[in-house]
Amino acid sequence: MRIRRLMAGTAAVMTALAGALGAGAVWAQEKLGQPTDKSLGLQPGAAPLKHDAIWFHDVILLPIITVIVVFVLALLIWIVLRYNKRANPKPASFSHNTAIEILWTVIPVLILVFIAFFSFSLLRKYNDMPTPDVVVKATGYQWYWAYDYPELGVEGVESRLLPEARELKTAHAAKVPFLLGVDNELIVPVNKVVQVQVTGYDVIHSFALPAFGLKTDAIPGRLNSTWFKAEKPGIYYGQCSELCGVDHAYMPIAIRVVSEKEFDAYIIKAGGKTKAMIAAEEAAAAAAAQQAAANAAASADASATASAAAPAEADAAASAAAPAVQ
């Protein structure tokens, strides 16, 4: 009876803890795009990949982990109480049990296969990127980030930690997120597929932003790629998550999600060209090329006609001059 009560109490505690974590219970109002003090669970998602990652964690992984932990803890309690020296003065003489050996080999394999089925599905979503609307190149330096928009002609947007964000007191006084506020955010449009090409300049960094479910290593000499599609305007924060040197803790990432109109205005102000401008220029260039080809063809036709008419005119002139010679 005592063992049953202990097992039941343990199961209740673990189940309540799992439910709290799975539901993302909080003691404070959740902040979108940045950590929330005294909160439980993962950061709220603001992109499709993060929603899928949260579902995988809360629905697949957490229940399995909880059941395993409860089972192992209950088994330990049962063994401690049932097979201690006082309750079991005569030690058991058996050495193994073939059925149990098979079970504890087969069951973990089946659990891992079950997890892998959903894990591979999530990995496929990360890998199968839709056609991007915007391409951004993020380069990690010691210790800041630089952003380029290679297709739009904007380069060298450097993003560094604000001086007032380095200390907790000054950050609170300036009303900026501690260790997260930057001087230049990465600007992207809302509800658009953004491809992020990630590389490092000097050492290995890592481009990580929890609200979008991003974490991609920035390796010198290599170009890795990830993507996201932000669902709501706002500022979303992350950090370099690969130990990269003495100022690793002062290398935040800030992505500002704006409307498409605001994004186009930012690109023009930064000296680049919007996709509409590039499309218009390409259309004008294509029309000019088509017109030039048409003019060249017309000129060639005119030249061919003139060349064909020249011998006939020469013959006619010769025929007209013949009687005069006679």
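The two atoms that bring Phe178 and Ala165 nearest to each other are CD1-O, 3.4 Å, heavy atoms only. A pairwise comparison of heavy atoms in Ala46 and Tyr236 identifies CB-CE2, 3.5 Å as the closest pair. The nearest pair of heavy atoms linking Lys215 to Ser241 is CE-OG, 3.3 Å. Closest approach of Leu81 and Ala87 over heavy atoms only: O-CB, 3.5 Å. The two residues Gly45 and Leu32 make their nearest non-hydrogen contact at O-CD1, 4.3 Å.
In this structure, Cys240 and Phe207 have side chains that are not in contact, with every pair of non-hydrogen atoms separated by 4.5 Å or more. At least one side-chain heavy atom of Leu186 sits under 4.5 Å from a side-chain heavy atom of Val136. Taking the side chain as every heavy atom from C-beta outward, Phe263 and Leu152 approach each other to under 4.5 Å. Between Leu123 and Asn127, the closest side-chain pair of non-hydrogen atoms is not below 4.5 Å. In this structure, Pro220 and Tyr201 have side chains that are not in contact, with every pair of non-hydrogen atoms separated by 4.5 Å or more. In this structure, Gln43 and Lys50 have side chains that are in contact, with non-hydrogen atoms separated by less than 4.5 Å. Leu161 is not listed as a side-chain neighbour of Trp143, based on a closest heavy-atom distance of 4.5 Å or more.
With hydrogens and angles left out, the side-chain atoms of Gln142 and His205 include no donor and acceptor closer than 3.5 Å. Defined by atom type and a distance below 3.5 Å, a donor-acceptor pair is present between the side-chain atoms of Glu262 and Ser259. Counting only N and O atoms by type, the side chains of Gln195 and Ser225 include a donor and acceptor under 3.5 Å apart. Looking only at atom types and distance, the side chain of Asn224 has no donor-acceptor partner in the side chain of Thr216 under 3.5 Å away. Counted by atom type alone, Glu101 and Asn97 present zero donor-acceptor pairs between their side chains at under 3.5 Å.
A salt bridge is defined here as a Lys NZ or Arg NE, NH1 or NH2 lying under 4.0 Å from an Asp or Glu carboxylate O, and Glu155 with Lys137 fails to meet this definition.
Taking hydrophobic clusters as Ile, Leu, Val, Met, Phe, Trp and Tyr residues chained together by side-chain heavy-atom distances below 4.5 Å, Phe228 does not share a cluster with Tyr237. When the side chains of ILVMFWY residues are joined at heavy-atom separations under 4.5 Å, either directly or via intervening members, Leu180 and Ile255 end up in two distinct hydrophobic clusters.
Aromatic ring centres of Trp227 and Tyr126: separated by at least 6.0 Å.
Not counting sequence neighbours, the partners of Arg160 by the side chain to side chain contact (heavy atoms under 4.5 Å, CB included) test are Tyr144, Glu158, Asp183. The ring pair (Phe, Tyr, Trp, His ring centres under 6.0 Å) test applied to Phe118 returns Trp55, Phe114, not counting sequence neighbours.
Looking at Val188, Val258, Val157 one by one, the single match for side-chain contact (heavy atoms from CB on, under 4.5 Å) with Tyr266 turns out to be Val157.
A cation-pi contact links Arg166 to Tyr250, judged by a cut-off of 6.0 Å to the six-membered ring centre and 45° from its axis.
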